[in-house]
Asker: 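Please read through the structure below; I'll follow up with questions.
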Amino acid sequence: QVQLVESGGGLVQAGGSLRLSCAASGDILLINTMGWYRQTPGKRRRRELVATITDGGTTSYADSVKGRFTISRVYAKNTVYLQMNSLKPEDTAVYYCNVDRLIWGQGQTPKYEYDYWGRGTQVTVSS
């Protein structure tokens, strides 16, 4: 069984910083792109892309977070991070970790998971 577990959310004042972590656990053989998405109640439940990082290290960011957020990854730990600086009240959301594809199952027939999500971590930025 594979799990994505996020941590690092919380309450912070505008202008402050938070660092989110997402660790993929289980018998993982390969992970392709890892990313962060966020969802606010007022946006019809649609999850907004925040940032992604490929297995080759290529990063991509939403325009709204460019220059403020940095995504990084420790491949040996199957962990992705999101450093969030200069936070704004509009960054308030539940942040979800996502993996577009992973392969797992050491010593057995490999299993594939697509579009895999964590449970989310709340980030609240007060003005």
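Both backbone and side-chain heavy atoms feed into the values below; hydrogens, waters and symmetry mates do not.
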Asker: Side-chain heavy atoms nearer than 4.5 Å, only ILVMFWY residues, links allowed to pass through others: does that put V99 and Y75 together?
Answerer: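 V99 clusters together with Y75.
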Asker: Kindly say whether T92 contributes a backbone atom to a donor-acceptor pair with the side chain of T124 at under 3.5 angstrom?
Answerer: no
Asker: Give, for atom OH of Y95 and atom CG of L18, the distance between the pair rounded to the nearest 0.5 Å.
Answerer: 9.0 Å
Asker: Give a yes or no answer on whether the side chain of Y61 reaches the backbone of I71 with a donor-acceptor pair at less than 3.5 Å.
Answerer: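 It does hold such a pair.
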Asker: How long is the gap from CZ on R46 to OG1 on T40, to the nearest 0.5 Å?
Answerer: 9.0 Å
Asker: Ignoring hydrogens and geometry, is there a side-chain-to-backbone donor-acceptor pair from R73 to T54 under 3.5 Å?
Answerer: yes
Asker: When rounded to the nearest 0.5 angstrom, what is the spacing between CG in L102 and OG1 in T33?
Answerer: 11.5 Å
Asker: Taking everything shown except Q108 itself, do over 12 heavy atoms lie less than 6.0 Å from its CD?
Answerer: yes
Asker: Taking R119's backbone N and O only, do any of them form a donor-acceptor pair with E6's side chain (distance below 3.5 Å, no angle check)?
Answerer: yes
Asker: For Y81, which residues count as a ring-ring contact (aromatic ring centres under 6.0 Å, His included) partner, sequence neighbours excluded?
Answerer: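 Y81: no ring-ring contact (aromatic ring centres under 6.0 Å, His included) contacts found.
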Asker: Tell me which pairs pass side-chain hydrogen bond (donor to acceptor under 3.5 Å, both in side chains) where either residue lies in residues 82-91, with sequence neighbours left out.
Answerer: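 Residue pairs with at least one partner in residues 82-91: S17-N85, R38-D91, R68-D91, Q83-N85.
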Asker: Please find the pair of heavy atoms, one from A14 and one from S127, that lie closest to each other, and give the distance.
Answerer: CB-CA, 4.3 Å
Asker: Could I get the full list of side chain to side chain donor-acceptor pair (under 3.5 Å) partners for Q3, not counting sequence neighbours?
Answerer: none
Asker: Going by salt bridge (charged side-chain N to carboxylate O under 4.0 Å, His left out), name the pairs with one or both residues in residues 106-118, residues two or more places apart or in two chains.
Answerer: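 Applying salt bridge (charged side-chain N to carboxylate O under 4.0 Å, His left out) to every pair that reaches into residues 106-118, excluding sequence neighbours, yields nothing.
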Asker: Do L82 and V12 belong together in a cluster built from hydrophobic side chains that touch within less than 4.5 Å?
Answerer: yes
Asker: Mind listing the side-chain donor-acceptor pairs of residues 20-30 below 3.5 Å, one per line with the distance, residues two or more places apart or on another chain?
Answerer:
residue: D27; atom: OD2; partner: Q106; partner atom: N; Å: 3.1

Asker: Between I103 and Y114, is there a shared hydrophobic cluster once you connect ILVMFWY residues whose side-chain heavy atoms come closer than 4.5 Å?
Answerer: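 Yes; tracing contacts between hydrophobic side chains, which count when under 4.5 Å, links both residues.
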Asker: Measuring from R101:CZ to M34:CE, what's the distance to the nearest 0.5 Å?
Answerer: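 Reported to 0.5 Å precision, the distance equals 14.0 Å.
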Asker: Which pairs pass salt bridge (charged side-chain N to carboxylate O under 4.0 Å, His left out) with one or both residues in residues 11-24, sequence neighbours excluded?
Answerer: none
Asker: Are V80 and V123 grouped together when hydrophobic residues (ILVMFWY) are joined by side-chain heavy atoms under 4.5 angstrom apart?
Answerer: yes
Asker: Side chain of N32, backbone of D100: donor and acceptor closer than 3.5 Å?
Answerer: no
Asker: Looking only at heavy atoms, what is the nearest atom pair of V2 and Y116, with distance?
Answerer: O-OH, 2.5 Å
Asker: Once rounded to the nearest 0.5 Å, what's the spacing between atom OH of Y96 and atom CG of L49?
Answerer: 15.0 Å
Asker: Measure the spacing between CD1 of I53 and CH2 of W36 and express it to the nearest 0.5 Å.
Answerer: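 Separation between the atoms: 12.5 Å.
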